[in-house]
Amino acid sequence: MADAPLLTVAKVRKTFRQKLRWSERKLGDDYKNVFAVDDVSFALERGETLGIIGESGCGKSTTARILVGLVRPDSGSIIFQGKEILGNRASDVAAYRKEVQIVFQDPYEYLNPRMRLKDIICEPLVINGNIQDNRKTAIAEELLDHVGLNPPNEYLNRFTHELSGGQRQRVAIARALALRPKLLIADEPTSMLDVSVRAGILNLLRSLILEHRMSMIFITHDIATAGYMCDRIAVMYKGRIIEIGKRDEVINTPQHPYTKALVQVCDNLQGFISEREHYILDGEVDSFEQGGHCCFAPGCVCRDGECHCQDQGSQELIEVSPEHFVACAHCH
């Protein structure tokens with residue numbers, strides 16, 4: 001169907017086993033389950049950029065790795081262009097991986113320091129048998145020029161240690177574009193870069209998305225960056241999406257107390273809100289163990305007995321306005 005979402009993620013869950021501290025151990029049980037991604041669901045339209053924001057350790061990057069097949073979820077469904085990916089035939093999964101590419105957070109770690117740039121950029125094409133050796137130079141030059149590394153012929157035979165952080169990230173973007181994907185996942189692509197080069201990378205990504213008519217999932221901990229880059233924003237906390245909606249609604253009229261706190265601590269967004277109330281309390285942070293109560297309740301000034309006594313359904317996203325969903329008992 002022409003109007004179907006490009007990507008649909010439904011009830012995806014990933015659990016890791018975490019070793020308990022000595023004081024927390026019980027007889028015969030030294031580990032506990034940690035729900036890194038807990039019942040995450042969303043849809044991504046064609047040509048849309050969806051931002052996933054939240055603090056470090058909330059499950060953003062695990063979600064990204066699940067979507068590109070680097071981490072296998074415990075349960076859930078991922079439908080891409082109408083086809084279920086999880087548990088499907090190997091040929092369908094291979095085709096999916098060509099259509100979905102990722103740019104990781106740290107270009108210093110995941111670019112091979114022993115390979116020349118032309119080989120790094122063309123590696124996805126070589127793996128998928130889409131290139132002949134005599135075409136490598138021409139294709140690499142075209143992609144280097146495309147991401148703003150000019151003149152491209154001067155970069156072809158360089159190694160990554162000869163580049164700055166911003167240049168390395170541009171090489172990573174060029175490699176991600178080599179297979180002409182329909183979906184690009186950017187996992188905090190500027191967080192390891194100097195402030196002076198971040199704007200250049202963000203503007204490059206925006207122009208490439210428009211030019212190639214790609215969809216993008218943009219992962220960040222900075223709501224101001226999400227506001228600049230994204231059409232919609234999903235807010236994650238402790239493995240769960242607690243609010244999702246159009247960018248302007250999430251920023252201008254945040255509903256969940258955690259989202260309000262994110263907006264208020266961002267100087268670049270202070271003009272969007274009038275209330276100066278504080279939404280986060282000091283206190284212990286709950287573990288990521290699954291439970292029916294609100295995952296934000298221990299640090300929320302709005303909490304009451306209802307927040308702790310609701311069953312698992314209290315974590316469901318409820319539509320509070322058109323296309324704006326919130327998981328909070330006080331927002332329904």
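Since the structure is predicted, the reported quantities are computational estimates derived from the model, not experimental observations. Numbering of residues begins at 1 and proceeds along the displayed sequence.
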Within 45° of the ring axis of F35 and under 6.0 Å from its six-membered ring centre, is that where the NZ or CZ of R240 lies? no

Output the distance between atom CE (M214) and atom CG (L177), rounded to the nearest 0.5 Å. 5.0 Å

Same cluster (ILVMFWY, side-chain, under 4.5 Å), M229 and M192: no

Starting from Y108, can I reach L149 by hopping between I/L/V/M/F/W/Y residues whose side chains sit under 4.5 Å apart? no

If you look at every heavy atom in P113 and T160, which pair is closest and at what distance? CA-OG1, 3.4 Å

Can you measure from CZ (R97) to CD1 (I85) and round to the nearest 0.5 angstrom? 10.0 Å

Is a side-chain N or O of E243 found less than 3.5 angstrom from the main chain of Q255, in a donor-acceptor match? yes

Do the side chain of T220 and the main chain of E188 share a donor and acceptor less than 3.5 angstrom apart? no

So which heavy atom on V197 is nearest to which on G166, and how close? CG2-CA, 4.4 Å

Do side-chain atoms of K136 reach the backbone of E123 as a donor and acceptor pair under 3.5 angstrom? no

What distance do F42 atom CZ and I52 atom CD1 have between them, rounded to the nearest 0.5 Å? 4.5 Å

Would you say the side chain of K238 lies within less than 4.5 Å of the side chain of D38, judging by non-hydrogen atoms? no

I241 vs F325 side-chain heavy atoms within contact, under 4.5 Å: no

I'd like to know if the side chain of S41 reaches the main chain of K11, judged simply by a donor and an acceptor atom lying under 3.5 Å from each other, with no hydrogens or angles considered. yes

Hey, does the side chain of D194 reach the backbone of S196 with a donor-acceptor pair shorter than 3.5 angstrom? no

Heavy atoms of G76 and L86 approach each other most closely as O-CD1, 3.5 Å

I'd like to know if the side chain of D187 and the backbone of Q105 have a donor-acceptor N/O pair within less than 3.5 Å. no

Heavy-atom count around E142 CD within 6.0 Å, excluding the residue itself: above 12? no

Looking at side-chain heavy atoms only, is the closest gap between I173 and I201 below 4.5 Å? yes

How far apart are the C-alpha atoms of R13 and D74, what are their side-chain angles, what is the distance that settles it, and do they pass the salt bridge (charged side-chain N to carboxylate O under 4.0 Å, His left out) test? CA-CA 6 Å; R13 179 170 289 162; D74 301 331; over 6 Å; no

For the residue pair Y237 and Y258, categorise the inter-ring angle as parallel (less than 30°), tilted (30 to 60°) or perpendicular (more than 60°). tilted

Counting C-beta onward and ignoring hydrogens, is there a side-chain heavy-atom pair between I121 and V171 closer than 4.5 Å? yes

Shared hydrophobic cluster for L184 and I127 (ILVMFWY, side-chain gaps under 4.5 Å): no

When rounded to the nearest 0.5 Å, the distance separating CE of M236 from CD1 of I244 is 10.5 Å

Within 45 degrees of the ring normal and closer than 6.0 Å to the centroid, is that where the cationic atom of K14 sits relative to F16? yes

Minimum heavy-atom distance V103-A176, with the two atoms named: CG2-CB, 4.0 Å

Is there a chain of hydrophobic side chains (I, L, V, M, F, W, Y, each step under 4.5 Å between heavy atoms) that links I217 to L210? no

When you check the side-chain N and O atoms of S321 and E249, is any donor under 3.5 Å from an acceptor? yes

Would you say Y228 and N203 are linked by a side-chain donor-acceptor pair, where the criterion is simply a distance under 3.5 Å? yes

Can you find a pair of side-chain heavy atoms, one from R116 and one from L156, that are under 4.5 Å apart? no

State, yes or no, whether a side-chain contact exists between Q81 and R46 at a heavy-atom distance under 4.5 Å. yes

Can you establish whether the number of heavy atoms outside E323 located under 6.0 Å from its atom CD is more than 12? no

Is there side-chain contact between H146 and H212, with heavy atoms separated by less than 4.5 Å? yes

To the nearest 0.5 Å, how far apart are CD1 in I185 and CZ in F218? 13.0 Å

Where I120 and R175 come nearest, the two heavy atoms and their spacing: O-CD, 3.1 Å

I'd like to know if L179 and L67 are part of one continuous hydrophobic network [Ile/Leu/Val/Met/Phe/Trp/Tyr, side-chain heavy atoms within less than 4.5 Å]. yes

Do T190 and L202 touch side chain to side chain, with heavy atoms closer than 4.5 Å? yes

Side chain E162, main chain F159, donor-acceptor under 3.5 Å: yes

Polar side-chain atom of Q169 near backbone of P189 as donor-acceptor pair, under 3.5 Å: yes

For the side chain of R247 and the backbone of C230, is there at least one donor-acceptor N/O pair under 3.5 Å apart? yes

Closest heavy-atom pair, I251 versus V263, reported as atoms and distance to 0.1 Å, is O-CG1, 4.0 Å

